[in-house]
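The first residue in the sequence is number 1, and the count goes up from there.
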Amino acid sequence: MKGKILIVDDQFGIRILLNEVLQKEGYETFQAANGVQALDIVSKHSPDLVLLDMKIPGMDGIEILKRMRVDNKDIRVIIMTAYGELDMIQEAKDLGALTHFAKPFDIDDIRAAVKKYLPVPK
């Protein structure tokens, strides 16, 4: 197993797409549709990398990121946003996000970023 990846997005189709692509690459994947599910998975499974959508109803990506950092200050996060919200992207990067992708994203770019940022298994 190459590593554990959590996909957090309220859009079912995006979760399924990323899940399928990343599982084919040999990663163990988890999916969350909202912040509560995401935080639960982080506490139970300690994913190596999180693909986090910024625009999620209820608890937005910034709030999810802040709460994940409380439990795991070293968690690796790549953010995704459908909007060119520079303030939110900058705040996420200030909170330690590694990089960001604007939707619609190129799946090959996501694949390359996952390879780049996922810690090498010990």
Side-chain angles (χ1 to χ4, degrees):
M1 195 55 68
K2 289 182 171 182
K4 296 186 281 188
I5 300 174
L6 169 58
I7 301 157
V8 185
D9 199 306
D10 61 314
Q11 291 180 277
F12 180 74
I14 290 177
R15 286 199 317 272
I16 294 301
L17 171 68
L18 290 170
N19 190 61
E20 196 172 295
V21 168
L22 295 169
Q23 280 187 347
K24 280 184 182 161
E25 295 282 319
Y27 301 106
E28 181 180 357
T29 58
F30 302 92
Q31 296 179 53
N34 58 51
V36 173
Q37 289 175 357
L39 295 169
D40 186 51
I41 291 168
V42 167
S43 69
K44 288 180 180 164
H45 299 283
S46 301
D48 301 304
L49 182 69
V50 179
L51 297 175
L52 176 61
D53 184 29
M54 288 284 100
K55 280 288 186 184
I56 295 180
M59 193 187 307
D60 72 10
I62 295 293
E63 185 62 28
I64 296 168
L65 181 54
K66 285 178 181 173
R67 292 186 188 196
M68 280 194 288
R69 286 257 178 253
V70 170
D71 290 337
N72 180 348
K73 64 177 175 43
D74 298 322
I75 197 160
R76 292 166 178 250
V77 178
I78 294 174
I79 59 170
M80 303 178 291
T81 180
Y83 311 91
E85 289 163 325
L86 299 178
D87 292 350
M88 191 177 252
I89 291 166
Q90 189 55 54
E91 186 175 355
K93 288 189 173 181
D94 291 346
L95 289 166
L98 300 165
T99 189
H100 77 280
F101 286 94
K103 293 178 185 176
F105 48 75
D106 182 319
I107 198 66
D108 291 327
D109 292 344
I110 294 272
R111 202 183 272 133
V114 166
K115 280 192 178 111
K116 178 178 177 180
Y117 291 112
L118 197 68
V120 178
K122 294 172 182 71

* List the atom of Lys2, the atom of Glu25, and the distance in Å for their closest heavy-atom pair. => NZ-O, 2.8 Å
* **Side-chain heavy-atom pair Leu118, Arg76 within 4.5 angstrom cut-off** => no
* Asked: Are any of the side-chain heavy atoms of Val21 and Ile110 separated by less than 4.5 Å?
  -> no
* Kindly compute the distance separating CZ (Phe101) from CG (Asp53), expressed to the nearest 0.5 Å. => 13.5 Å
* **Thr29 and Asn19: side chain donor to acceptor below 3.5 Å** => yes
* Kindly determine whether Asn34 and Met59 satisfy side-chain contact (heavy atoms from CB on, under 4.5 Å), including the steps that lead there. => CA-CA 7 Å; Asn34 58 51; Met59 193 187 307; over 6 Å; no
* To do: Measure across Val8 and Ala38 and return the closest heavy-atom pair with its distance rounded to 0.1 Å.
  => CG2-CB, 3.7 Å
* Would you say the side chain of Met54 lies within less than 4.5 Å of the side chain of Ile62, judging by non-hydrogen atoms? -> yes
* To do: Before giving the answer on side-chain contact (heavy atoms from CB on, under 4.5 Å), spell out for Val50 and Met68 the whole-Å C-alpha distance, their side-chain angles and the decisive distance to 0.1 Å.
  => CA-CA 10 Å; Val50 179; Met68 280 194 288; 4.0 Å; yes
* If we only count heavy atoms from C-beta on, is the Leu65 to Val77 side-chain gap below 4.5 Å? -> yes
* Please report the C-alpha distance between Gln31 and Gln37 in whole Å, then the side-chain angles of each, then the deciding distance to 0.1 Å, and finally whether the side-chain contact (heavy atoms from CB on, under 4.5 Å) criterion is met. => CA-CA 8 Å; Gln31 296 179 53; Gln37 289 175 357; over 6 Å; no
* Asked: Is the closest side-chain heavy-atom distance between Leu52 and Ile78 below 4.5 Å?
  -> no
* Asked: Which residues, ordered by chain and number, are linked to Ile16 in its hydrophobic cluster, where ILVMFWY side chains connect at heavy-atom gaps below 4.5 Å, directly or through other members?
  -> Phe12
* Ion pair Arg15/Glu20, N-O distance below 4.0 Å -> no
* Of all pairs that satisfy ring pair (Phe, Tyr, Trp, His ring centres under 6.0 Å), the ones with a partner from residues 49-69, not counting sequence neighbours -> none
* To do: Inspect the contact between Asp71 and Arg67 and indicate whether a charged nitrogen and a carboxylate oxygen are less than 4.0 angstrom apart.
  => no
* Between atom CG of Leu98 and atom CG of Leu49, what is the distance when rounded to the nearest 0.5 Å? -> 7.0 Å
* CZ of Arg111 to CG of Leu18: how many Å apart, nearest 0.5 Å? -> 10.5 Å
* Asked: Is any side-chain heavy atom of Leu51 less than 4.5 Å from a side-chain heavy atom of Leu6?
  -> no
* Electrostatic pair Asp9-Lys103, nearest N-O below 4.0 angstrom -> yes
* Are the side chains of Lys93 and His100 in touch, meaning some heavy atoms are under 4.5 Å apart? -> yes
* **Atom pair CG (Asp94) and CG (Asp87), whose distance is rounded to the nearest 0.5 Å** => 10.5 Å
* May I ask you to test the Ile5-Glu28 pair for a side-chain heavy-atom distance under 4.5 Å? => no
* Residues in ring pair (Phe, Tyr, Trp, His ring centres under 6.0 Å) with Phe30, at least two apart? -> His45
* Asked: If you round to the nearest 0.5 Å, how far is NZ of Lys4 from OH of Tyr27?
  -> 15.0 Å
* Structure fact -> Correct closest heavy-atom pair for Gly3 and Asp48 would be CA-OD2, 3.3 Å
